[in-house]
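We name chains A, B, ... by the order of the sequence lines, and we start the count at 1 in each one.
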2 protein chains.
Amino acid sequence: MAETARHPEPRYGNRPTMKDVAARAGVGLKTVSRVVNSEPGVTPDTERRVQEAIDALGFRRNDSARVLRKGRTASIGLVLEDLADPFYGPLSRAVEEVARAHGALLINGSSAEDPEREQELVLALCARRVDGLIVIPAGDDHRYLEQEIKAGIATVFVDRPGRIDADMVLSDSFGGARQGVAHLIAHGHRRIGFIGDQPRIHTATERLRGYHAAMTDAGITVEDSWVSLGSTDPDRVRLAAETMLSAPEPVTALFSGNNRVTVTAVRVLAGRERPVALVGFDDIELADLLGITVISQDAAAVGRTAAEHLFRRLDGADHAPARVELPTRLIPRGSGELRPS
Amino acid sequence: MAETARHPEPRYGNRPTMKDVAARAGVGLKTVSRVVNSEPGVTPDTERRVQEAIDALGFRRNDSARVLRKGRTASIGLVLEDLADPFYGPLSRAVEEVARAHGALLINGSSAEDPEREQELVLALCARRVDGLIVIPAGDDHRYLEQEIKAGIATVFVDRPGRIDADMVLSDSFGGARQGVAHLIAHGHRRIGFIGDQPRIHTATERLRGYHAAMTDAGITVEDSWVSLGSTDPDRVRLAAETMLSAPEPVTALFSGNNRVTVTAVRVLAGRERPVALVGFDDIELADLLGITVISQDAAAVGRTAAEHLFRRLDGADHAPARVELPTRLIPRGSGELRPS
DNA sequence: GTGAAAGCGCTAACAG
DNA sequence: CTGTTAGCGCTTTCAC
């Protein structure tokens, strides 16, 4: 086991390189490269000999070197809030499928809704020179990214606009919330509560705006106590809901701002005697059986669209940054059609 | 915009390199490297000048080159079945958290339960020289991986054993299923149906084995028509369930082999007049409100454990491959406590 | 405290 | 059809 003094720790477990393969096959380095990359200009016989050496040695091309030379990593980064959130699973999978179709791998990171962590992740991805980046912004200051984008890392913002000039794929939060609240109003409600995510988050405020729009359309004056924005922590949401429902003049319906809020709201309502109407933003698995009326957005479509835009950029498209807004859909299942008691 | 003839396409959008920074700061290349990597031996004054050049140029270290030199990519690969499956979201997130704590990024890929695609993914990850690999096997032949493992890519198999000698983290599928079926038997059922995933999948057969064990323990002879293995496609599961429930001597209870099967089973049962008992493997969001009794496995714990094992290997542990089996937990919520009608 | 030189493993360019 | 050379941007080594 005599190792050279220069490399006391064998790299990559001493994997064979193209040079080793070339030596064993008795050909030049470039010929091996040709075989490995299926480039033309190698006789079947030479190819066979090279292939044998590859198999015998267990050679596997080192993509790090390749990347360094070619300048493309064939990988894209996806920074989202939380991979464990059922909304982001399908989104992520859709991005992955598109990436796969383009021969790229997906590096995934969760920001946990922390702007610093988002930046840290994005910059790490940039240092890896991912070809492109799909970001669901946690923070609202993306100046740190401008440099990177200018330097050539294609970027698409998803779900929330990124405050800088780049492609964007969003769901129609405003319109969806407005429709959902209008639906409750149409069923006789006037005292409607809104429980949403932190106001720092764009979708949260957009949905709140939709709520206000629907209320205003109906000539209803919103009382402060009907609105609660904050973390989606179950305890926080539970308290907010209980408070609205136990007030002297309680709300008769709730609009929940996203899937995390909805599941807690459903649990709270399940524990109460008087039925309270509910419409939630985002569909949830088994919501059909529970009869939960929702505003559904297609997470997979969002992811797919974003990824397609990204690869269009990578393939050279250089039109002005596009802003795509995907429609939402109201799915009535019972909870949103309850009348005030 | 006169570019050199050799590089018609600017790499990385012509990003500055350490050399550029060095030139601008009027120092040597190595000094820049020292500053970038916070190595000691640089005067505060020099450091400041270098830092200024870095900021002015918008320099960001190219990790591809670093990786090539250092032999470690600070990234790990996770190959699972489907990122969109609610079981894998939390698992993936848990892996990511551990990776993050070790300064590594996560490259994620879905095999879609296709052995070829699994292999393709794994080999792509190996070519990138990920430091480690967590694989939820789709296929059952992993000889292609032996070479890679020998070459130094630490590997942990998750959820299903990988048929080769490596670390493994599993849930107790056999024990969990046995307990779940025994629970149904304890509530008076004898004609119990089992609907599971494809027999190619290890957990599917383990859970079936658990079913048989519980039935045997109770002296019940299982009839062929009570067992159905196959894809988790809703149509397939629906048909299987309907068939068992509509037989001349119908089953009075169902055990569903995973979360995908359970959601369809719940829908089928919801549409029937006579109540049928159900216990499902894997917990599901809102299952509490629907009163679904489940055998719960902690996806996050599985992911965390696997990742911790992996990094222990990467940090030099070289004990014999370990096999960890995580316990499951029966959560009675009503559907499993129904008596035969 | 600092820097020049070599080289990681590969691909681009160019000769033969 | 094949091989040689240079160099991607960084870290390592070693000399100053």
**Fill in**
Residues A:Arg66 and A:Asn37: closest non-hydrogen pair is NH2-OD1, 3.4 Å

**Item:** For B:Glu120, side chain to side chain contact (heavy atoms under 4.5 Å, CB included) partners two or more places apart
**Value:**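 Per chain and number, B:Glu120 pairs via side chain to side chain contact (heavy atoms under 4.5 Å, CB included) with A:Arg100.
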
For residues 299-308 of chain A, run the donor-acceptor check on the side chains, cut-off 3.5 Å, and write out each pair with its distance to 0.1 Å, sequence neighbours left out.
residue, atom, partner, partner atom, Å
A:Thr305, OG1, A:Ala301, O, 2.6

**Item:** Short side-chain donor-acceptor distance under 3.5 Å, B:Asn108 and B:Ser92
**Value:** yes

**Asked** For A:Asp82 and A:Ser110, does a side-chain donor sit closer than 3.5 Å to a side-chain acceptor?
**Response**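 Not at all, the side chains of A:Asp82 and A:Ser110 share no donor-acceptor pair under 3.5 Å.
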
**Asked** Would you say a side-chain N or O of A:Thr46 is under 4.0 Å from OP1 or OP2 of D:dT2?
**Response**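 For D:dT2, OP1/OP2 do have a side-chain N/O of A:Thr46 under 4.0 Å.
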
Calculate the interatomic distance between [X] atom [atom1] and [N] atom [atom2]; express it in whole Å.
{"X": "A:Lys19", "N": "D:dG3", "atom1": "NZ", "atom2": "P", "answer": "15 Å"}
{"X": "B:Asp20", "N": "D:dC8", "atom1": "CG", "atom2": "P", "answer": "11 Å"}
{"X": "B:Met18", "N": "D:dC8", "atom1": "CE", "atom2": "P", "answer": "15 Å"}
{"X": "B:Lys70", "N": "D:dG9", "atom1": "NZ", "atom2": "C1'", "answer": "14 Å"}
{"X": "B:Leu68", "N": "D:dG7", "atom1": "CG", "atom2": "P", "answer": "17 Å"}
{"X": "A:Phe59", "N": "C:dG9", "atom1": "CZ", "atom2": "P", "answer": "10 Å"}
{"X": "A:Arg129", "N": "D:dG9", "atom1": "CZ", "atom2": "P", "answer": "9 Å"}
{"X": "B:Arg15", "N": "D:dC10", "atom1": "CZ", "atom2": "P", "answer": "10 Å"}

All salt bridge (charged side-chain N to carboxylate O under 4.0 Å, His left out) counterparts of [X], not counting sequence neighbours:
{"X": "A:Glu146", "value": "none"}
{"X": "A:Glu97", "value": "A:Arg93, B:Arg117"}
{"X": "A:Asp167", "value": "A:Arg313"}
{"X": "A:Asp141", "value": "A:Arg143"}

**Prompt:** By a strict heavy-atom criterion of less than 4.0 Å, which residues belonging to residues 48-58 of chain B are in contact with DNA chain D?
**Reply:**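 Heavy-atom contacts with DNA chain D come from no residue of residues 48-58 of chain B; none.
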
**Prompt:** By ring-ring contact (aromatic ring centres under 6.0 Å, His included), which residues pair with A:Phe157, not counting sequence neighbours?
**Reply:** A:His142

**Message:** Tell me the bend of the helix from C:dG1-D:dC16 to C:dG16-D:dC1 as the angle between end helix axes, each from five pairs, rounded to the nearest 10 degrees.
**Reply:**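 Result, rounded to 10 degrees: 30°.
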
**Complete:** With sequence neighbours left out, the residues meeting side-chain hydrogen bond (donor to acceptor under 3.5 Å, both in side chains) with A:Asp159 are none

**Message:** Run the side-chain hydrogen bond (donor to acceptor under 3.5 Å, both in side chains) test against A:Ser111 and tell me which residues pass, sequence neighbours left out.
**Reply:**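 Residues passing side-chain hydrogen bond (donor to acceptor under 3.5 Å, both in side chains) with A:Ser111: none at all.
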
**Asked** Between the side-chain atoms of A:Arg66 and the base atoms of C:dG9, is any donor-acceptor pair under 3.5 Å?
**Response** no

**Asked** Hey, is the side chain of A:Arg69 pairing donor to acceptor with the base of D:dG7 inside 3.5 Å?
**Response**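 Between D:dG7 and A:Arg69, which were checked side chain against base, a qualifying N/O pair under 3.5 Å is present.
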
**Message:** Using the side-chain heavy atoms of B:Thr43, tell me which of these nucleotides is nearest: C:dG1, D:dC1, C:dA12.
**Reply:** C:dG1

**Request:** Kindly state which residues belonging to residues 21-41 of chain B come within less than 4.0 angstrom of DNA chain C, counting heavy atoms of the residue only, listed by number.
**Result:**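 Here the set is B:Val27, B:Gly28, B:Lys30, B:Thr31, B:Arg34, B:Gly41.
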
